[in-house]
Protein chains: 2
Amino acid sequence: MSPLKGANGSERDISRLLRRAGLRVTPQRTLLLEIIRESEEHLDADEIYRLARNRHPRISLSTVYRTLSLLKDMGLVRELDFDQDHRHYELCDSGEYKHYHLYCLDCGKIIEFESPLVTELAEQLAQEHDFEITDCRVTVAGYCSRCRSGSGSES
Amino acid sequence: MSPLKGANGSERDISRLLRRAGLRVTPQRTLLLEIIRESEEHLDADEIYRLARNRHPRISLSTVYRTLSLLKDMGLVRELDFDQDHRHYELCDSGEYKHYHLYCLDCGKIIEFESPLVTELAEQLAQEHDFEITDCRVTVAGYCSRCRSGSGSES
DNA sequence: CTACTTGCAAAGAGTTTGCTAGGCC
DNA sequence: GGCCTAGCAAACTCTTTGCAAGTAG
């Protein structure tokens with residue numbers, strides 16, 4: 001079977017997506033991802049909220065925002081700025097993992113990066129161990145320059 | 001909250017170790033790691049079990065085995081085969097992250113690897129973003145040759 | 001026997017949610 | 001006003017535990 005190309009997967013597909021990003025699978029997240037995926041348009045937060053309430057009336061607006069922001073950070077969803085007041089969202093990929101994360105342990109800032117080194121690594125591993133690689137996660141942590149110099153926060 | 005407290009102020013250190021490995025911090029794991037670290041000898045499972053029960057009488061033997069195996073897999077602990085019947089354990093490091101994991105999504109086999117590419121990547125990131133890197137996690141998933149080519153059972 | 005593993009219900013760790021109450025343009 | 005974020009207790013997801021039974025040598 002080919003790698004995931006599931007155009008018409010389903011919940012199952014979506015929970016896999018979440019899991020791969022290292023996120024917990026909750027009804028809310030699944031629902032929001034489904035809504036984003038099923039729509040041909042680029043929805044904005046409010047539309048997503050409204051659609052979500054059809055199927056899950058208890059969902060709260062802050063959940064929508066938090067989830068969208070999270071999904072964006074994890075690279076599952078792309079944020080589009082058409083105008084100043086609305087942000088629109090679209091599904092980012094269908095399984096391809098192309099970027100990785102560098103984050104500051106102090107201020108929590110997340111920097112996404114890509115690197116040919118990772119691709120190279122994956123290829124090397126695939127050959128050396130005769131693996132078919134489907135996912136590759138790289139998470140680098142440390143302290144950014146500002147946190148190192150500026151603040152003296154310690155707990 | 002935590003019934004264990006007797007040790008030095010090293011609990012903090014140990015939970016960081018666990019966290020870095022992506023593991024949850026539980027009293028049992030903390031305790032076992034403390035025991036392994038504090039002992040000058042290379043303890044075996046049974047000794048660890050006995051020592052653990054001094055401070056945490058409810059702990060079960062299976063927890064000891066599972067935890068040791070887990071810690072080994074995550075590279076926190078090294079397993080030593082002195083003879084055929086006993087395995088001994090020692091603390092692996094003190095925070096340096098030197099190896100990464102490739103695992104099969106089907107059979108669950110875990111292969112540890114090291115790679116200069118990762119070091120290179122870390123250095124590159126440090127320079128490019130002016131970060132002080134303290135941790136670097138690489139986890140690659142896929143399907144091993146055996147699982148791809150048919151069965152997949154028989155570990 | 002000894003050394004270790006597995007299955008499963010229940011406890012636990014850590015995350016996520018829905019509130020409510022704001023902030024910013 | 002419209003769009004989005006913050007703080008916090010409670011709800012939830014998923015992992016881990018302890019027990020008991022089981023495997024291997």
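Each chain gets a letter, A, B and so on, in the order its sequence line appears, and its residues count up from 1.
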Counting only non-hydrogen atoms, which of residues 44-60 of chain A are less than 4.0 Å from DNA chain C?
-> A/H56, A/R58, A/I59, A/S60
Residue A/T67, side-chain atoms from C-beta onward, closest of C/dC19, C/dT17, C/dG14 = C/dT17
Has the side chain of B/S62 got a donor or acceptor that lies under 3.5 Å from a partner of the other kind on the base of C/dC4?
-> no
Between D/dT17 atom C1' and B/L61 atom CG, what is the distance in whole Å?
-> 13 Å
Given DNA chain C, 5'-ward residue of the pair B/S69 and B/R24, judged by closest heavy atom = B/S69
Think B/Q28 has a side-chain N or O under 4.0 angstrom from the OP1 or OP2 of D/dG18?
-> yes
Distance in angstrom units between B/L70 CG and D/dC14 P, rounded | 19 Å
Counting any heavy atom closer than 4.0 Å, what does A/R29 reach on the DNA or RNA strands: base, sugar-phosphate only, or nothing?
-> sugar-phosphate
List, one per line, each side-chain donor-acceptor pair under 3.5 Å for residues 62-71 of chain A, sequence neighbours excluded.
from  : atom 1 : to    : atom 2 : distance (Å)
A/S62 : OG     : A/S60 : OG     : 3.1
A/S62 : OG     : A/R66 : NH2    : 3.4
A/T63 : OG1    : A/S60 : OG     : 3.1
A/R66 : NE     : A/S62 : O      : 3.4
A/T67 : OG1    : A/T63 : O      : 2.6

State which residues pass side-chain contact (heavy atoms from CB on, under 4.5 Å) with B/E90; sequence neighbours excluded, sorted by chain then number.
-> B/H42, B/R78, B/L80
Within this structure, what is the CG-to-P distance between A/L18 and C/dT16, rounded to whole angstrom?
-> 10 Å
Rounded to the nearest 0.5 angstrom, the CZ-CD distance for A/F113 and B/Q124 is 9.5 Å
So which heavy atom on B/D44 is nearest to which on B/H88, and how close?
-> N-ND1, 4.0 Å
Taking five pairs at each terminus, the helix from C/dC1-D/dG25 to C/dC25-D/dG1 shows an axis bend, to 10°, of 50°
C/dG18 base to A/R66 side chain: any donor-acceptor pair below 3.5 Å?
-> yes
Check every strand shown and say whether A/T26 touches a base, only sugar-phosphate, or nothing at a heavy-atom separation below 4.0 Å.
-> sugar-phosphate
Distance-minimising heavy-atom pair for A/C136 and A/V118 = SG-CG1, 3.6 Å
Rounded to whole angstrom units, what separation is found between the CG atom of A/L32 and the P atom of C/dG18?
-> 9 Å
Under the 3.5 angstrom rule, does the side chain of A/R137 hit a backbone N or O of A/R20 as a donor-acceptor pair?
-> yes
Taking atom P of D/dC12 as reference, at what distance in whole Å does atom CG of A/L31 sit?
-> 16 Å
Could you state the interatomic distance from OG (A/S115) to OH (A/Y100), rounded to the nearest 0.5 Å?
-> 8.5 Å
Rounding to a whole Å, what distance do you find between B/H88:NE2 and C/dA3:P?
-> 10 Å
Select from A/L23 and A/Y65 the residue whose nearest nucleotide in DNA chain D is closer to the 5' end of that strand.
-> A/Y65
Minimum heavy-atom distance between A/I35 and A/I48, given as atom pair plus value = CD1-O, 4.1 Å
What's the CZ-P distance between A/R87 and D/dC3, to the nearest Å?
-> 12 Å
Report the residues that fulfil salt bridge (Lys or Arg N to Asp or Glu O under 4.0 Å) with A/D130, sequence neighbours left out, ordered by chain and then residue number.
-> B/R148
To the nearest Å, how far apart are B/L68 CG and C/dC4 P?
-> 9 Å
Which pairs would a plain distance check flag for residues 50-58 of chain A, meaning a side-chain donor or acceptor within less than 3.5 Å of a matching protein atom at least two apart in sequence or in another chain?
from  : atom 1 : to    : atom 2 : distance (Å)
A/R50 : NH2    : A/D46 : OD2    : 2.5
A/R53 : NH1    : A/Y49 : OH     : 2.7
A/R55 : NH1    : A/E34 : OE1    : 3.1
A/R55 : NH2    : A/E38 : OE1    : 3.3

